[in-house]
*Asks:* 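One structure, pasted below without further comment.
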Amino acid sequence: LELAHYEWVELAVSISDETMDPADSDPNGDLMAGIPLVSPLAWNLSYRFPVHRIRPDFQPDASGDESTHLVVYRNRQEDVVFMEINAVTQRLLQLLQENSEWTGLETVKRIAEELRHPHPAVVMEAGRQLLNDLRARNIVLGTRRTAS
């Protein structure tokens with residue numbers, strides 16, 4: 001069932017007519033100071049099986065010990081691609097999608113708190129780098145433009 005869902009998601013992302021008005025975002029905005037906008041063409045997914053690796057010679061009959069986290073998205077070239085992510089990146093995307101008024105800094109601080117990390121500054125720097133990587137991959141489109 002998970003493989004069927006994953007295949008359906010790839011199709012749904014490829015044919016989706018979801019768009020975001022370019023006037024709503026600043027592609028070069030500061031992702032920590034501003035409010036990061038996740039692309040509507042980026043789907044944050046978790047599965048019990050590594051669905052992205054299933055093929056004729058790899059068909060697991062039991063789920064693994066850890067969940068598989070993926071982002072399936074359509075990039076600016078209109079290609080549907082996926083990226084395997086860890087649980088922290090999965091949580092970052094989840095928080096950004098659920099809390100549309102939080103800055104990147106507020107979101108990353110929340111993750112540092114949830115992790116109870118002994119060195120929050122390390123999490124902050126990693127979060128900044130991760131947000132920039134997600135923007136480069138077209139998963140995060142930039143920051144929300146404020147009304148002027």
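Here the structure is a predicted model, which means the values were calculated and not measured.
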*Asks:* Please confirm whether the backbone N or O of Asn138 pairs with a side-chain atom of Asn75, one donor and one acceptor, at under 3.5 Å?
*Replies:*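 A pair under 3.5 Å: no.
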*Asks:* Kindly write out the residues that satisfy side-chain contact (heavy atoms from CB on, under 4.5 Å) with Asp30, not counting sequence neighbours, or none if the list is empty.
*Replies:*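 Testing Asp30 for side-chain contact (heavy atoms from CB on, under 4.5 Å), a comparison that skips the adjacent residues, returns Met32, Ala33.
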*Asks:* Looking at Val108 and Gly127, what are the two nearest heavy atoms and their distance?
*Replies:*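 Scanning both residues, the minimum pair turns out to be CG2-CA, 4.0 Å.
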*Asks:* When rounded to the nearest 0.5 angstrom, what distance separates CZ in Arg74 from CD1 in Ile139?
*Replies:*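 With rounding to 0.5 Å, CZ (Arg74) is 14.0 Å from CD1 (Ile139).
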*Asks:* Checking the side chain of Arg135 only, and the main-chain atoms of Leu141 only, is there a donor and an acceptor separated by less than 3.5 Å?
*Replies:*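 Checking the backbone N and O of Leu141 against the side chain of Arg135, no donor-acceptor pair under 3.5 Å is found.
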*Asks:* Keeping His117 on the side-chain end and His119 on the backbone end, is there a donor-acceptor pair under 3.5 Å?
*Replies:*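 Present.
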*Asks:* Enumerate the residue pairs fulfilling ring pair (Phe, Tyr, Trp, His ring centres under 6.0 Å) with a member in residues 85-111, sequence neighbours excluded, ordered by first and then second residue.
*Replies:*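 Sorted pair list comes back empty.
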*Asks:* Measuring from Thr103:OG1 to Leu131:CG, what's the distance to the nearest 0.5 Å?
*Replies:*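 The distance works out to 10.0 Å.
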*Asks:* How many angstroms lie between CZ in Arg76 and OG in Ser39, if you round to the nearest 0.5 Å?
*Replies:*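 One gets 8.5 Å once the value is rounded to the nearest 0.5 Å.
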*Asks:* If hydrophobic clusters are built by linking Ile, Leu, Val, Met, Phe, Trp and Tyr wherever their side-chain heavy atoms come under 4.5 Å apart, do Leu93 and Leu70 end up in the same one?
*Replies:*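 Per the 4.5 Å side-chain linkage, Leu93 and Leu70 are not co-clustered.
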*Asks:* Evaluate the criterion side chain to side chain contact (heavy atoms under 4.5 Å, CB included) for residue pair Leu92 and Leu134; output intermediate values, then yes/no.
*Replies:* CA-CA 11 Å; Leu92 174 70; Leu134 293 171; 4.0 Å; yes
*Asks:* Do you know which two heavy atoms are closest between Ser25 and Arg145, and how far apart they sit?
*Replies:*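 The pair with the smallest heavy-atom distance is O-NE, 2.9 Å.
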*Asks:* Above 12 or not: heavy atoms from other molecules or residues under 6.0 Å from CG of Leu11?
*Replies:*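 Enclosed.
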*Asks:* Test of understanding: clusters of I, L, V, M, F, W, Y form through side-chain heavy atoms closer than 4.5 Å, transitively. Do Ile111 and Ile35 belong to the same one?
*Replies:*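 Cluster IDs for Ile111 and Ile35 differ.
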*Asks:* Under the ring pair (Phe, Tyr, Trp, His ring centres under 6.0 Å) rule, what pairs show up with a residue in residues 8-35, not counting sequence neighbours?
*Replies:*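 Of all non-adjacent pairs touching residues 8-35, those that pass ring pair (Phe, Tyr, Trp, His ring centres under 6.0 Å) are His5-Trp8, Trp8-Trp43.
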*Asks:* Does atom CD of Glu78 have more than 12 heavy-atom neighbours, drawn from other residues, nucleotides or ligands, at distances under 6.0 Å?
*Replies:*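 Check passes, neighbour count above 12.
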*Asks:* Val81 vs Tyr73, test: side chain to side chain contact (heavy atoms under 4.5 Å, CB included). Steps then yes/no.
*Replies:* CA-CA 6 Å; Val81 293; Tyr73 63 100; 3.1 Å; yes
*Asks:* In chain order, what residues pass the side-chain contact (heavy atoms from CB on, under 4.5 Å) check against Glu18, with sequence neighbours excluded?
*Replies:*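 side-chain contact (heavy atoms from CB on, under 4.5 Å) list for Glu18, sorted by chain: Ser16, Pro40, Leu41.
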*Asks:* Taking NZ, NE, NH1 and NH2 as the nitrogens, is one of them in Glu114 or Arg110 under 4.0 Å from a carboxylate oxygen of the other?
*Replies:*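 Result for this pair is yes, salt bridge flagged.
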*Asks:* Under 4.0 Å between a side-chain nitrogen and a carboxylate oxygen: does that hold for Arg128 and Glu125?
*Replies:*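 So Arg128 pairs with Glu125 through a salt bridge.
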*Asks:* What's the shortest heavy-atom distance between Pro36 and Gly104, and which atoms?
*Replies:*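 Scanning both residues completely, I find the closest heavy atoms to be CD-N, 3.4 Å.
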*Asks:* So, using side-chain contact (heavy atoms from CB on, under 4.5 Å) as the criterion, who are the partners of Ser100 when residues are at least two apart?
*Replies:*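 For Ser100, the residues satisfying side-chain contact (heavy atoms from CB on, under 4.5 Å) (neighbours in sequence not counted) are Arg144.
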*Asks:* In the single-linkage hydrophobic clustering (I, L, V, M, F, W, Y; side-chain heavy atoms under 4.5 Å), do Val88 and Val123 co-cluster?
*Replies:*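 Yes, because Val88 and Val123 connect within a single hydrophobic cluster, where side-chain heavy atoms sit under 4.5 Å apart.
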*Asks:* Find out if a path of hydrophobic residues (ILVMFWY) with successive side-chain heavy-atom gaps under 4.5 Å connects Leu130 to Val122.
*Replies:*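 In one cluster with Leu130: Val122, no.
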*Asks:* Donor-acceptor pair, distance only, cut-off 3.5 Å: does the side chain of Glu2 make one with the backbone of Arg48?
*Replies:*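 Checking the backbone N and O of Arg48 against the side chain of Glu2, a donor-acceptor pair under 3.5 Å is found.
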*Asks:* Kindly work out whether a path of hydrophobic side-chain contacts (I/L/V/M/F/W/Y, heavy atoms less than 4.5 Å apart) joins Met83 to Leu96.
*Replies:*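 Met83 clusters together with Leu96.
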*Asks:* Using side-chain contact (heavy atoms from CB on, under 4.5 Å) as the criterion, list what pairs up with Gln94, not counting sequence neighbours.
*Replies:*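 side-chain contact (heavy atoms from CB on, under 4.5 Å) check on Gln94 returns Asn44, Gln90, Arg91, Glu98.
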